[in-house]
Structure formats: C-alpha cells, structure tokens
Amino acid sequence: MADKPQTRSQYRNSQAKQPETQKSTGKGRRITGNVVKVVFFTALFLAFAGIASGATAFYSYAKEAPKLTDSKLRDPLSSKILDKNGDVYAEIGTERREYIEYKDIPKQLENAVLSTEDSRFYEHNGMDPIRLASAAVGNITGGFGSQGASTLTQQIIKMSYLDYTNKTLDRKAQEAWMAVQLEQKYSKHELLEIYINKVYLSDGIHGMETAAEHYYGKKLKDLNLAQTALIAGMPQSPNRFNPFENPDLAKKRRDIVLTLMYNNDKISKSEMEAAQSVAIADGLVDEATRKQKTYAYDTYVDQVINEIGDKYNPFSDGLTIYTALDPSAQKYTEKMLNTDDVINYPDKKFQAGVVVMDTETGRIQALGGGRETGDKKISRGLNRATDIKRQPGSTMKPILGYAPAIEYLDWSTAHILDDAPYQYSSGQELRNYDSSYLGEISMRQALYKSRNVPAVKASKEVGYDRARDFANNLGLNYKEVYESTVIGSGEASPVQMAGAFAAFGNGGVYNKPHTITKIVLSDGETEINMEPESVVAMKASTAYMISDMLKDVLTQGTGTRANVPGWNIAGKTGTTNYDENVRIKNGIPSDGTPDSWFVGYSPRYTVSIWTGYDEPNKYYLSPSETRIAAYMFKATMEHLVSGEKNPDFKKPSNVNEIPILIGSNPITRAPSGSSGSNVSYELFLDGTIPTKSSAAEKKKDTTEDKTDAEKAAEEAAKKAAEEKAKKDKEQTDKAKQEEATRKAAEQQAEQAALQAPVGLTGSYNGTNQTISASWASNGPGVTYDVSVNGQTQNYGVTSITVRGGSPGSSVVIMVVPVKDGKRGSPATTTIIIPPDQDQQTPSNGETNDGTQNDTTPTQ
C-alpha cells in the first residue's frame, strides 16, 4: 500500500528525528541538491542569455535586409516584336515571361504547387514553425543547410532579393524577417500569383504560363493533370527536370508531385495512378516547332536590337516593337539561302548577304545574314547583310562617277567619253575587265557595259571631293576618294548599298535603311516614332537619268541574267579583283574573284545581294559563280513583284527625251520619231538639248544663201563627219559582233555543259561491297546531282564510290549536270549485284564485275 501523503512540515519533522548516521547522509544529499540547483539556474541563465544574444544577432542581421519594393517582385518583362501586319514573330528579353493573374490560375495548378512547395501556405504568416522544426532535425543529422524550411513566401524573397545559394545565418535571418513583412504587405493570392509568374523553368523560361506554352503549346488552363504536375514540380531543379533534356528525371519528379497531391487529398488515388501512367513525352511540343517559334527570323531580330541601341532596353523594358518585316519576303529569303530549291550553291562555305527594302521608305522588309543560319538561335553574331564590309566593285560607278557628273556638270546620258588607254596617277595602267577599249562611247553605253576608264574619267572631271560628298549623302562613309575607289576598291555593306541605290529609285530622296517603324512603351500608350528623317541627296532629274541608264544594264548590259522581263527594274553588277601579289601567294587563278554583287531596284522594292566567302584568300569565286548574285536577285525580285502592278520611274518635267544619232560627236539630233540601229533616245536637261540637227531634221535647205567658201567649208565638214560616223559605226559594229560571238560561245558552252554526261559506267566491288561510277566531264563550272536508288547528292567530281545494295538487287545510278542553277539532261546506268559472289554468271549484257554495258543517256 502506498504511504500516506505528508505535508511539507510533517516531512521536515520526520527528517529531524532520524538517527545521527542518517543526518550525515542527508547533508550529502543537500550538497548534491545545491549543485543541481546551481547547474539548473546556470543553464537557465545561459539559455536566457542565449535567447537574448540570438535576438540581438537576429536584429543585427535583419536590419541589414533589403527594403521590400514592388519593382523587385514584379520582374522585368520581355519585349514583343511585330511584323508589318501587326503580328508578333519574336519575343526577346533576359527572361521570357507571359504574366498570368491569380483569377486565371487553374485550381489544379494551385493544388499541385502548394502540395509540393508549401502545404500549410494558407495557415502560416511567412514562417512555418512545424516545417522549421522538421528541417532542424534533418540539419542536426545531415549538417547545417542540408534541409530547407522555406515557405513559398520565403522562396519569393530568395528569388527577388537575396542570393539563394548563400545559406549563412545572416541571409536566413534576413529571409525570415522579410517573409513576415511580405505576408503583411500582400495577400496570399497576390503572393501565389507572384510565385507562379516568377519561378524559373529552364530553357530561359520564367513563369508557369510561359512554360505551358513552351513545353506544351497550350495555356495553363488547357493542361491535363499530368502536364500540370510536371510544370509544378520543375522549380526545385529546372534544368534537371526539363522534359526535353531529361525525360526520365522529369517523370520521377512529376510522379512525386502527383503523390503529394494525393497525400494532401487534392486528387483521388485513381486520378494519381492514371496521371502517373501517362508517358512523359505525351503532348510535348516537337523540337522543330519549338525552335522555329522561339528563334524565327534571327538575322532580322539582330538588326532590330542593334537599331534600338541604348535608347531602351528591349530585354527588360517590356516594349512593343513595330517593324517593317514582310513574313513572305523573309521566309523566301531564308529558303533561298538555306536550301537548294532556288539556287544550287557550289558548296557549303559559299556565303551571301541579302537585303530586301522598300524603295520609297527605306524600311527593310527582309534580311538574309548568311547561309546555313535558319536553324540557329539568336546569336548576335555575324550578319552579312549589315555587318560585313567588302569591296563593292562596279556597283560604285553610278554613285561616284556618273550621278555626280549629271548632278554637278549637267551631263546628258549621251555625253561622249573616250574609252581609251588610261593610267592611274601612280602611272599604273587602268584596264577594263576585258582588257580592251571601245573608243568614244556615250555615258549610257559606258555604264551598262561597265567600262572602268570612262567611270574614272567622269569622276575626275567632277572632282573626287565632290564625288565623295555625293556618295556620303547616300549613306556611305568615305574619307577620301581615289581613282580605284570609283571602280569599287572602297568598302561597303549590302544594307548601305541598298540605301544608296534606293535613292535613285525614290526621286533622289535618301532614307536610311531601318527595320523599326515605332516603339510602344510598357504603359501601352507612349509611342516613339523610329522612322529616320528623309534627306534630299540629289536632284530628281539626276535620280531619273541614272535609273533610266541602269535599266539597260538588265536588258543589254552586264546584268541580263538578273532581268525580270516586262518589269521596270534598274540595277548594277559588281565584281572585284585580287591584288596580284595576294592572288599569286594564295594560288588563286587569274579569273578568280573575291566578291560578286548585284544591287537593283524597282519603284517599289530594292534588293542588295553580296556573294563570296568569309575567307576570300582561301576560297574564291569562279567566273560561273560570280553570276549567282544576279540569279539570286532575279529570283527574289520575281517573288516580290508577283501579282503586283508594274509602275515606272517618274520622269521630271526638266528632263527631255531626244533622239540622237549614235556615234555623232558633237551630238546630233535625229529626226523626231525616227528609229533604227543608229538612233538612240537619250535624256537631256533643260538648256542642254543639242542644237545640231541632221539634214533630214532641217525644214529647208539654206545652201543657196551661202558663199562658195562657206559651201566648201560646210561640204568638207560634212564629209569629215560622215567619215567619222562611218569609222565609229564600224567600231560599234565590230564591238557588237564581238559581243554576239562571245554570247554565242557562252550559249554553246552552256548547252554543252547541260548535255547528258557521256561515258557513264558503273561497277560493283564484291570484296569491299562498294558501288563505283564514273563519267566524262561536261566542262568547267559543272557539278553533278548523283542519285543512287533515289538518294541524291551533289558532287563536283566525275566519279563516286558508295556503299550499299544487297546480293541479287539492282542499283540505279542517275547523273544530272548542273550549272548556274540549271539542271541538264540525265544519264543513267543500272548495276546488278550478283546473288552469289562465288558464282557470277554474266547475263543481260553484264560483265563479270556486275557492270551494266548499256548506259545510253536519257532525255
């Protein structure tokens, strides 16, 4: 039985009556009790001191915390770029983000996020003691920082204000203090909205609405349970759980989220199991679509960013950028550059820069920064349409030679220039491209035939300083102009040449080439006009007369391959030469060319094209490859003008079109309405129309009023003029005959190049199990599309060896010659692989090596 309870006094009295020996024992116990008391109170004191010290430290850390600002919570927004139709085609920014408000957040996503990140979110005030205690136990066993106790509110603080990789006590104290403050300033719904829009989800994606679009091509509200769980689970380790890169890890994480949702009674067991059974790839956007959508028109976007410069920050200011991009023109440009559907390029290293621009406004409608760039991300790399500086060749002749002569000296298109041997000021001989001379010819002929000597003479007569100023008014930046600059030894980019030539087509008004028309700031109201101011760079008469002459370049001059029949288009070819020492040092043939250009325009469109190699001293253009720029221009312009009206350049009232006798010097008028091979209609400014008329133009003969001496002098002058005209005509006829002979030879060579390859033979090597074929060459500049059982590849050689085929099968080889983008007639051969390599029985005209003897070309 238990002892009867005692009061405190009864207990003390009973202790006092104990024997002496017992008293001694009680004293020892009292000493022990006192020690315990001392230890207890000491520990209690230290605990309170520790709490005070901890509180002091906490306060010290917390007071250094950053101030809460809404701008830190509401992250920078990306900028949208719109095409000329007002459609968004690109979005740029340090963070790709599509904002979603709480009212639009699906309940399914909220349940998934809170089950995974903070199941007691609606119960705590920024700090969760229960979660903290659980993490503390884990940190004791696993080391400080091994487990997190962060609520969703604390995660927002880490993402917005603090270095989340830093797990020191001061950072944790600041985080806790700021989380409590944040809960006081914002509602729970606002905090959840901030979190869902802020989290990083790999691939440069921020915010779950943006992630849904990126990974599934849908809005959050349209995702199923499995897809929602994947998005909700990614923030813990975004790159690790990226379903494109790590599908297995992504599935494990998704399934954990689904389990947590089930444990928190947000979904049923059957819903969990059904969602966990869904393949991780189900519904994901395919890679090709993803890249096309994210990185469309990268060359054009590069230029947009360049034009904004430091005015605004397109990566964070949330701008709406309106541009002149024409999606049809841009897609065609990229197709032309990155496929062989339009142009058959000689090799993969062959490069080009393309600018498509509105002639009237200077708005750039398409850019091609180079070949093989269509599948790359926005690289901010080399843009050959805008960044390169290469010698423009003969495209400079109208800019530095003939246009200034019209502008400052009032020359007519019939002005006579002597194409004769000429020297640079250094004494070096200045040659034409064909090393010949045509004698006295009109400025029109000199331009469309691209003669070097007349262009330099024209610029010299104007004065090189005035010629330089004229060019710089067209967007070029020359400090000095010399004889060689006139014929293209300076430097320019395709976009600069587009701007300069467009001014000729725009009545002499220069508009700086640009991609952006206006910018709307993030407030949605403030508009910034980005159109450059127009500059009158020359007289309208100068622009029209140059355009009229440049039309002839496409119809009877050096640019006939670029002509679009029936359309009013002007343009100029340009090729450059190697320095002789550079050419010899690098083993480049005498007809090798580093650059080839074609710049042309209609009243609506201007197209500037450069072609060549990034390493011109290592790779060069052959004569046939210099024509590719003209073919590219023709293809691009045909695409642009298809289905449109055909306007012509507007002739100013002070420009007069007068028939003159070709070869006459001084210039002599032909009868009005006359035509024929000896008559040309030329352009004259008011006050410069020739007064000398042919005999047929005179209304009456006044010879009877003249003295015998006057008649004799006139007769002698007439005879001299007739002799000169005869001589000039003979010279012109000779030049025409030479040109006709040259063209006939080119045509004959081209026809021969496109005939079916002869001597096509094939064989099968049973030892190596390879198939070989060879054929005779069709001449220089020809490549061959070789099809082996329908698989086609282009070769620059006349023999191939490939693997393939099985015993008893037939292999059909077809060879098609290709030159300048044109395909010729094919030749075919069939190789039958023997069924048994130990017993090869010749049959059906075959030899024992499996070669088919009948290789008749097909048409």
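- Of the possible polar contacts, none joining the N383 side chain to the D387 backbone as a donor-acceptor pair under 3.5 Å is found.
- A donor atom on one side chain and an acceptor atom on the other are not found under 3.5 Å apart for S596 and T575.
- No donor-acceptor pair closer than 3.5 Å links the side chain of N506 to the backbone N or O of G508.
- The minimum heavy-atom distance linking L474 with A537 is given by the pair CD2-CB, 3.5 Å.
- A side-chain donor-acceptor contact under 3.5 Å links S547 and Y601.
- Judged by distance alone, with hydrogens and angles left aside, the side-chain atoms of D579 form a donor-acceptor pair with the main-chain N or O of N581 at under 3.5 Å.
- Inspection of the S412 and E682 side chains reveals no N or O donor paired with an N or O acceptor under 3.5 Å.
- Side-chain contact between L685 and V655 is present, with at least one heavy-atom pair separated by less than 4.5 Å.
- T593 and T626 share no side-chain donor-acceptor pair at under 3.5 Å.
- Side-chain contact between M632 and M336 is present, with at least one heavy-atom pair separated by less than 4.5 Å.
- Put simply, the side chain of R669 does not reach to within 4.5 Å of the side chain of K692, judged on heavy atoms.
- Pairs of residues two or more places apart, or lying in two chains, that qualify as salt bridge (charged side-chain N to carboxylate O under 4.0 Å, His left out) and include a residue from residues 610-626 are R384-D614.
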List the steps and the verdict of salt bridge (charged side-chain N to carboxylate O under 4.0 Å, His left out) for D469 and R466. CA-CA 5 Å; D469 294 343; R466 284 204 293 185; over 6 Å; no
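- Within the structure, every pair that satisfies the ring pair (Phe, Tyr, Trp, His ring centres under 6.0 Å) test and touches residues 395-422, not counting sequence neighbours, is listed here: W411-H415.
- Between the side chain of N473 and the backbone N or O of M538, no donor-acceptor pair lies under 3.5 Å.
- For K512, the NZ atom is loosely surrounded, since the number of other residues' heavy atoms within 6.0 Å does not exceed 12.
- Side-chain atoms of T668 never come within 3.5 Å of backbone atoms of S664 as a donor-acceptor pair (strictly under, hydrogens ignored).
- Using modelled atom types and a 3.5 Å distance limit, the side chains of S534 and N511 yield a donor-acceptor pair.
- N646 contributes a side-chain N or O that, together with a main-chain N or O of G566, makes up a donor-acceptor pair within less than 3.5 Å.
- In this structure, Y605 and Q365 have side chains that are in contact, with non-hydrogen atoms separated by less than 4.5 Å.
- In this structure, I609 and V599 have side chains that are not in contact, with every pair of non-hydrogen atoms separated by 4.5 Å or more.
- Within 6.0 Å of atom CD in E429, more than 12 heavy atoms from other residues, nucleotides or ligands are found, so the atom counts as buried in its surroundings.
- Judged purely by atom type and a 3.5 angstrom limit, W597 uses its side chain to pair as donor or acceptor with the backbone of Q391.
- The salt bridge (Lys or Arg N to Asp or Glu O under 4.0 Å) search around R583 returns E580, not counting sequence neighbours.
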Dump the intermediate steps for salt bridge (charged side-chain N to carboxylate O under 4.0 Å, His left out) on K634 and E638, then the final yes or no. CA-CA 6 Å; K634 176 183 174 71; E638 282 180 333; 3.4 Å; yes
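- Using a 3.5 Å distance cut-off with no hydrogens or angles, the side chains of K449 and Q556 do not pair a donor with an acceptor.
- Checked against the 6.0 Å centroid criterion, the rings of Y544 and F649 do not qualify as a close aromatic pair.
- Side-chain atoms of Y631 never come within 3.5 Å of backbone atoms of N344 as a donor-acceptor pair (strictly under, hydrogens ignored).
- The backbone N or O of P647 lies less than 3.5 Å from a partner atom in the side chain of N568, making a donor-acceptor pair.
- Taking the centre of each ring, Y620 and Y613 stay at or above the 6.0 Å mark.
- Rounding to the nearest 0.5 angstrom, the gap separating the CD atom in Q445 from the CG atom in D419 is 10.0 Å.
- A 4.5 Å side-chain heavy-atom check between L754 and K819 finds at least one atom pair inside the cut-off.
- Listed by first and then second residue, the ring pair (Phe, Tyr, Trp, His ring centres under 6.0 Å) pairs that reach into residues 437-472 come to none, sequence neighbours excluded.
- In this structure, L640 and V356 have side chains that are in contact, with non-hydrogen atoms separated by less than 4.5 Å.
- For the atom pair OG (S493) and NZ (K389), the distance works out to 4.5 Å, reported to the nearest 0.5 Å.
- Not one N or O on the side chain of S459 forms a donor-acceptor pair closer than 3.5 Å with the backbone of V456.
- Remark: R371 qualifies as a cation-pi partner of Y345 under the 6.0 Å distance and 45° angle criteria applied to the six-membered ring.
- Checking S489 against S484 by side-chain atom types alone, a donor-acceptor pair falls below 3.5 Å.
- Judged as a side-chain hydrogen bond (donor to acceptor under 3.5 Å, both in side chains), the pairs with a partner in residues 652-663 (not counting sequence neighbours) are, in order, N656-D686.
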Compile the donor-acceptor pairs under 3.5 Å between side chains in residues 393-401 and protein atoms, sequence neighbours left out, one pair per line.
unit_1, atom_1, unit_2, atom_2, d
S394, OG, K397, NZ, 3.1
S394, OG, S450, OG, 3.2
T395, OG1, P392, O, 2.6
K397, NZ, S450, O, 2.9
K397, NZ, S450, OG, 3.0
K397, NZ, N452, OD1, 2.7

